[in-house]
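What follows is a structure written as structure tokens; I'll ask about it next.
All figures in this text were calculated on a predicted structure; none of them were measured in a lab.
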Amino acid sequence: MEVDELLEKPYWIVDILPEQVAKNSAGQYFAIEQYYLSEPKNSELRTKYANLVLKLNCYYDIVLLDDFAQDYECGELNPDPDKLVGCFVGESAKNSVSIIIKNENTMVVSNKDDTYLTVYNPVEHVLDLMSRLAVAEGLYVWRPVSGE
């Protein structure tokens with residue numbers, strides 16, 4: 001399945017918060033979001049996401065896509081752990097990291113200016129495993145409510 005097709009599939013969120021914040025919610029969501037997007041919190045958060053993907057790679061082959069890949073055949077199969085983490089944090093960190101879970105037609109996307117990961121088209125076992133791995137990193141997995 002191509003990247004564009006996966007982006008049209010249902011998705012789940014791996015986040016610092018346990019559920020979606022409503023548009024009209026009290027509180028200061030945007031100020032807190034900016035806090036987590038600034039250093040050193042952004043690097044700490046992206047390290048958690050890198051750890052989750054590394055642990056997931058113990059169970060599944062993954063393909064690291066570059067910014068212009070349209071299908072997983074163009075990516076790197078099971079990249080070196082240091083290289084993978086370097087895509088999330090450090091001097092060589094990318095603004096966007098896309099990972100395909102091979103043979104599951106699932107894609108994980110992390111953008112440097114977001115406080116969450118997006119998981120497109122997850123099968124039940126992948127979603128369950130990611131949920132358990134997320135807890136170990138102090139993160140939550142939830143499905144967005146449409147219209148919020």
Review point. Does any pair with a residue in residues 77-87 pass side chain to side chain donor-acceptor pair (under 3.5 Å), and if so which ones, sequence neighbours excluded?
Key: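 Matches after skipping sequence neighbours: Asn57-Asn78, Asp61-Asn78, Glu76-Lys83.
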Exercise for review: May I have all residue pairs that pass ring-ring contact (aromatic ring centres under 6.0 Å, His included) and include part of residues 82-122, sequence neighbours excluded?
Suggested key: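 Residue pairs passing ring-ring contact (aromatic ring centres under 6.0 Å, His included), neighbours aside: Tyr11-Tyr120.
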Review point. By side chain to side chain donor-acceptor pair (under 3.5 Å), which residues pair with Ser110, not counting sequence neighbours?
Key: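 For Ser110 the side chain to side chain donor-acceptor pair (under 3.5 Å) partners, ignoring immediate neighbours, are Arg46.
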Review point. Among all residues two or more places apart in sequence or in another chain, which pass the side-chain contact (heavy atoms from CB on, under 4.5 Å) test with Val123?
Key: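 side-chain contact (heavy atoms from CB on, under 4.5 Å) check on Val123 returns Glu104, Val126.
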Exercise for review: Decide yes or no for Ile99 and Val63: does some side-chain heavy atom of the first lie under 4.5 Å from some side-chain heavy atom of the second?
Suggested key: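 Heavy-atom side-chain distance check fails, nothing below 4.5 Å.
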Point to revise | side chain to side chain contact (heavy atoms under 4.5 Å, CB included) between Lys102 and Leu77, intermediate numbers included | key: CA-CA 9 Å; Lys102 195 168 180 190; Leu77 179 64; 3.9 Å; yes
Exercise for review: Just jot down the side chain to side chain donor-acceptor pair (under 3.5 Å) partners of Ser43, sequence neighbours excluded, or say none.
Suggested key: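 For Ser43, the residues satisfying side chain to side chain donor-acceptor pair (under 3.5 Å) (neighbours in sequence not counted) are Glu39.
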Check your understanding: If every non-hydrogen atom of Pro122 is compared with every non-hydrogen atom of Pro10, which pair is closest and at what distance?
Key ->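 Heavy atoms of Pro122 and Pro10 come nearest at CD-O, 3.9 Å.
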Point to revise | Any donor-acceptor N/O pair, Thr106 side chain to Asn121 backbone, under 3.5 Å | key: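 Present.
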Point to revise | All side chain to side chain donor-acceptor pair (under 3.5 Å) counterparts of Glu91, not counting sequence neighbours | key: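 By the side chain to side chain donor-acceptor pair (under 3.5 Å) rule, Glu91 matches no residue at all.
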Point to revise | With Glu8 via side-chain contact (heavy atoms from CB on, under 4.5 Å) - residues at least two apart | key: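 For Glu8, no residue satisfies side-chain contact (heavy atoms from CB on, under 4.5 Å) once neighbours in sequence are set aside.
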**Study point:** Residue pairs passing the ring-ring contact (aromatic ring centres under 6.0 Å, His included) test where at least one lies in residues 24-51, sequence neighbours excluded
**Key:**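 Listed by first then second residue: nothing to list.
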Review point. Quick one: CG on Asn42 to CD on Gln34, what's the gap to the nearest 0.5 Å?
Key: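 If I round to the nearest 0.5 Å, the distance is 10.0 Å.
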Check your understanding: With distance as the sole test, does Trp142 use its side chain to make a donor-acceptor pair with the main-chain N or O of Leu17 at under 3.5 Å?
Key ->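 Yes: the side chain of Trp142 pairs with the backbone of Leu17.
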Check your understanding: What residues, two or more places apart in sequence or in another chain, satisfy salt bridge (Lys or Arg N to Asp or Glu O under 4.0 Å) together with Glu137?
Key ->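 Listed in chain order: Lys55.
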Point to revise | Inter-residue atom distance Thr118.OG1 - Leu6.CG, 0.5 Å rounding | key: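 Spacing of OG1 (Thr118) from CG (Leu6) equals 12.5 Å.
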Check your understanding: Hey, mind stepping through Ile62 and Val53 against side chain to side chain contact (heavy atoms under 4.5 Å, CB included) and telling me if it holds?
Key -> CA-CA 9 Å; Ile62 64 168; Val53 172; 3.9 Å; yes
Check your understanding: Got Val109 and Ser96 here, is their nearest side-chain heavy-atom distance under 4.5 Å?
Key ->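 Result yes, sub-4.5 Å side-chain heavy-atom pair found.
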Practice item. Please name all residues satisfying side-chain contact (heavy atoms from CB on, under 4.5 Å) with Ser92, sequence neighbours left out, ordered by chain then number. Key: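 Residues passing side-chain contact (heavy atoms from CB on, under 4.5 Å) with Ser92: none at all.
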Practice item. Find the distance between CG (Leu45) and CG (Leu37) and round it off to the nearest 0.5 Å. Key: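 Taking CG in Leu45 and CG in Leu37, the distance rounds to 8.0 Å.
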**Study point:** Residues Asn95, Asn111; criterion side chain to side chain contact (heavy atoms under 4.5 Å, CB included); working and verdict
**Key:** CA-CA 6 Å; Asn95 287 327; Asn111 293 309; over 6 Å; no
Exercise for review: Measure the CG-CG distance between Leu56 and Asn51 for me, rounded to the nearest 0.5 Å.
Suggested key: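 Result: 12.5 Å between the selected atoms.
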Review point. For the atom pair CG (Leu65) and CE (Met107), what is the distance rounded to the nearest 0.5 Å?
Key: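 Taking CG in Leu65 and CE in Met107, the distance rounds to 7.5 Å.
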Practice item. Measure the shortest side-chain to side-chain distance between Leu64 and Cys87 over non-hydrogen atoms and say whether it is less than 4.5 angstrom. Key: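 The answer is yes; the side chains approach within 4.5 Å.
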Check your understanding: Among pairs that include at least one residue of residues 106-128, which meet salt bridge (charged side-chain N to carboxylate O under 4.0 Å, His left out), considering only residues two or more places apart or in two chains?
Key ->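 Listed once each, the pairs are Asp128-Arg132.
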**Study point:** Residue list, salt bridge (Lys or Arg N to Asp or Glu O under 4.0 Å) with Glu44, at least two apart or on another chain
**Key:**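 Applying salt bridge (Lys or Arg N to Asp or Glu O under 4.0 Å) to Glu44 gives Lys41.
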Practice item. Tell me, with the steps shown, if Val14 and Met130 meet side chain to side chain contact (heavy atoms under 4.5 Å, CB included). Key: CA-CA 8 Å; Val14 179; Met130 286 190 82; 4.2 Å; yes
Review point. Is Ile13 linked to Leu7 within one hydrophobic cluster, defined over Ile, Leu, Val, Met, Phe, Trp and Tyr using a side-chain heavy-atom separation of less than 4.5 Å?
Key: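 Yes.
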